[in-house]
Amino acid sequence: MIKTSPFVTTSGDYLSTLMKLWIPKYGWTVALPLLVCAVIGATIDVRFLFIALMLLFIVVPMLMSFLYTYYMLTPEARRAVTRKEVEIDDGKCMRLIYLPPEKPVLKQPLLGVEADPEDMTVDVVVPDPETITWGQIKKIKYTSRFTVYILDTPQLQFILIPYSAIPRH
């Protein structure tokens with residue numbers, strides 16, 4: 001059994017990993033119309049180059065914002081970036097133990113309003129621990145900084161575990 005030290009995954013790391021998983025799977029649906037318009041524009045009618053540029057600078061950023069909204073503003077994404085420890089029983093299960101933040105979370109004060117520092121802290125709700133069976137793990141990938149457990153669960157897409165959180169034997 002391996003138990004990691006407490007760690008936090010940043011939302012940037014989560015989004016970066018999500019894009020690395022999403023682009024090979026669905027990226028062709030974005031690239032194909034762009035390439036078709038660019039080829040037609042270069043060979044037949046230059047107006048298609050303008051269409052390709054519109055796709056590149058208008059449609060693609062809208063798709064990126066949709067992905068951010070669809071994946072990053074979910075309770076699952078919040079759980080994925082919450083401070084936690086992971087217990088890995090190889091071949092059996094993975095247990096996620098969510099922890100409260102190390103530092104107190106503060107509210108933003110209103111402009112021009114003096115506030116008592118004790119009234120500015122926010123109580124953070126820590127999710128209950130959850131267990132993922134080994135059969136729900138589709139694949140394990142290794143990046144330069146993380147071990148990525150790709151899951152087959154309706155709740156979580158994947159778990160990022162930084163190498164720095166895994167104890168050395």
Would you call the rings of Tyr14 and Phe158 parallel, tilted or perpendicular, taking 30° and 60° as the class edges?
parallel
Once you round to the nearest 0.5 Å, how far does CZ of Arg47 lie from CD1 of Ile40?
12.0 Å
Student check: side-chain heavy atoms of Met94 and Glu87 closer than 4.5 Å
no
Tell me if a side-chain donor or acceptor on Arg83 pairs with a main-chain N or O of Phe7 at a distance below 3.5 Å.
no
Under 4.5 Å between side-chain heavy atoms, hopping through other hydrophobics if needed: is there a path connecting Leu99 to Val8?
no
Just verifying a value: how many Å separate Arg145 CZ and Leu160 CG, rounded to the nearest 0.5 Å?
9.0 Å
To the nearest 0.5 Å, atom CG of Leu67 lies from atom CE of Met72 at 11.0 Å
Minimum-distance pair of heavy atoms, taken over all atoms of Leu151 and Lys138
O-CE, 3.7 Å
Path from Val126 to Leu156 over hydrophobic side-chain contacts below 4.5 Å:
yes
Taken to the nearest 0.5 Å, the spacing of Leu56 CG from Met54 CE works out to 11.5 Å
With a 4.5 Å limit on heavy-atom distance, are the side chains of Leu21 and Ile150 in contact?
yes
Atom CD1 of Ile51 and atom CD1 of Ile58: how far apart are they, to the nearest 0.5 Å?
11.5 Å
Report yes if the side chains of Leu73 and Tyr68 come closer than 4.5 Å at any heavy-atom pair, otherwise no.
yes
Residue pair Lys84 / Pro6, side-chain heavy-atom distance below 4.5 Å:
no
Can you measure from SG (Cys93) to CH2 (Trp134) and round to the nearest 0.5 angstrom?
9.0 Å
In the structure I gave you, are the side-chain heavy atoms of Lys20 and Thr143 within less than 4.5 Å of one another anywhere?
no
Pairwise side-chain contact, Leu35 with Leu32, heavy-atom cut-off 4.5 Å (strictly under)
no
So, the side chain of Tyr149 versus the backbone of Ile159: is there a donor-acceptor pair under 3.5 Å, distance only?
no
Quick one: does Tyr71's side chain get under 4.5 Å of Leu15's, heavy atoms only?
no
What heavy-atom pair brings Ala38 and Leu49 nearest, and what distance separates the two atoms?
O-CD2, 3.7 Å
Taking Thr82 for the side chain and Tyr98 for the main chain, is one N or O donor matched with an acceptor at less than 3.5 Å?
no
Heavy-atom closest pair, residues Pro127 and Arg78
CG-NH1, 3.8 Å
Give the minimum heavy-atom separation between Ile132 and Leu96, together with the two atoms involved.
CD1-CD1, 3.8 Å
Are Val39 and Phe50 connected in a single hydrophobic cluster, I mean Ile/Leu/Val/Met/Phe/Trp/Tyr linked by side-chain heavy atoms less than 4.5 Å apart?
no
State plainly whether one hydrophobic cluster holds both Tyr142 and Leu18, where clusters connect Ile, Leu, Val, Met, Phe, Trp and Tyr through side-chain heavy atoms under 4.5 angstrom apart.
no
Walk me through whether Ile161 and Thr4 qualify under side chain to side chain contact (heavy atoms under 4.5 Å, CB included).
CA-CA 8 Å; Ile161 301 177; Thr4 67; 3.9 Å; yes
Nearest heavy-atom approach of Ser164 to Ser5 is O-OG, 4.1 Å
Can you tell whether the side chains of Glu85 and Arg95 come within less than 4.0 Å, N to carboxylate O?
no
Does Tyr163, at its OH atom, have more than 12 non-hydrogen atoms belonging to other residues, nucleotides or ligands within less than 6.0 Å?
yes
Any donor and acceptor pair, going by atom type alone, linking the side chain of Lys92 with main-chain N or O of Ile88 inside 3.5 Å?
no
Measure the acute angle between the ring planes of Tyr26 and Trp22, then classify it against the limits of 30° and 60° as parallel, tilted or perpendicular.
tilted
Considering non-hydrogen atoms only, spot the tightest contact between Leu63 and Val30 and give its length.
CD1-CG2, 3.6 Å
Quick one: does Thr17's side chain get under 4.5 Å of Val148's, heavy atoms only?
yes
With clusters defined by side-chain heavy atoms of hydrophobic residues (ILVMFWY) lying less than 4.5 Å apart, directly or transitively, does Val46 cluster with Ile44?
no
If we count only N and O atoms by modelled type, under 3.5 Å, do the side chains of Asp13 and Ser16 hold a donor and an acceptor together?
no
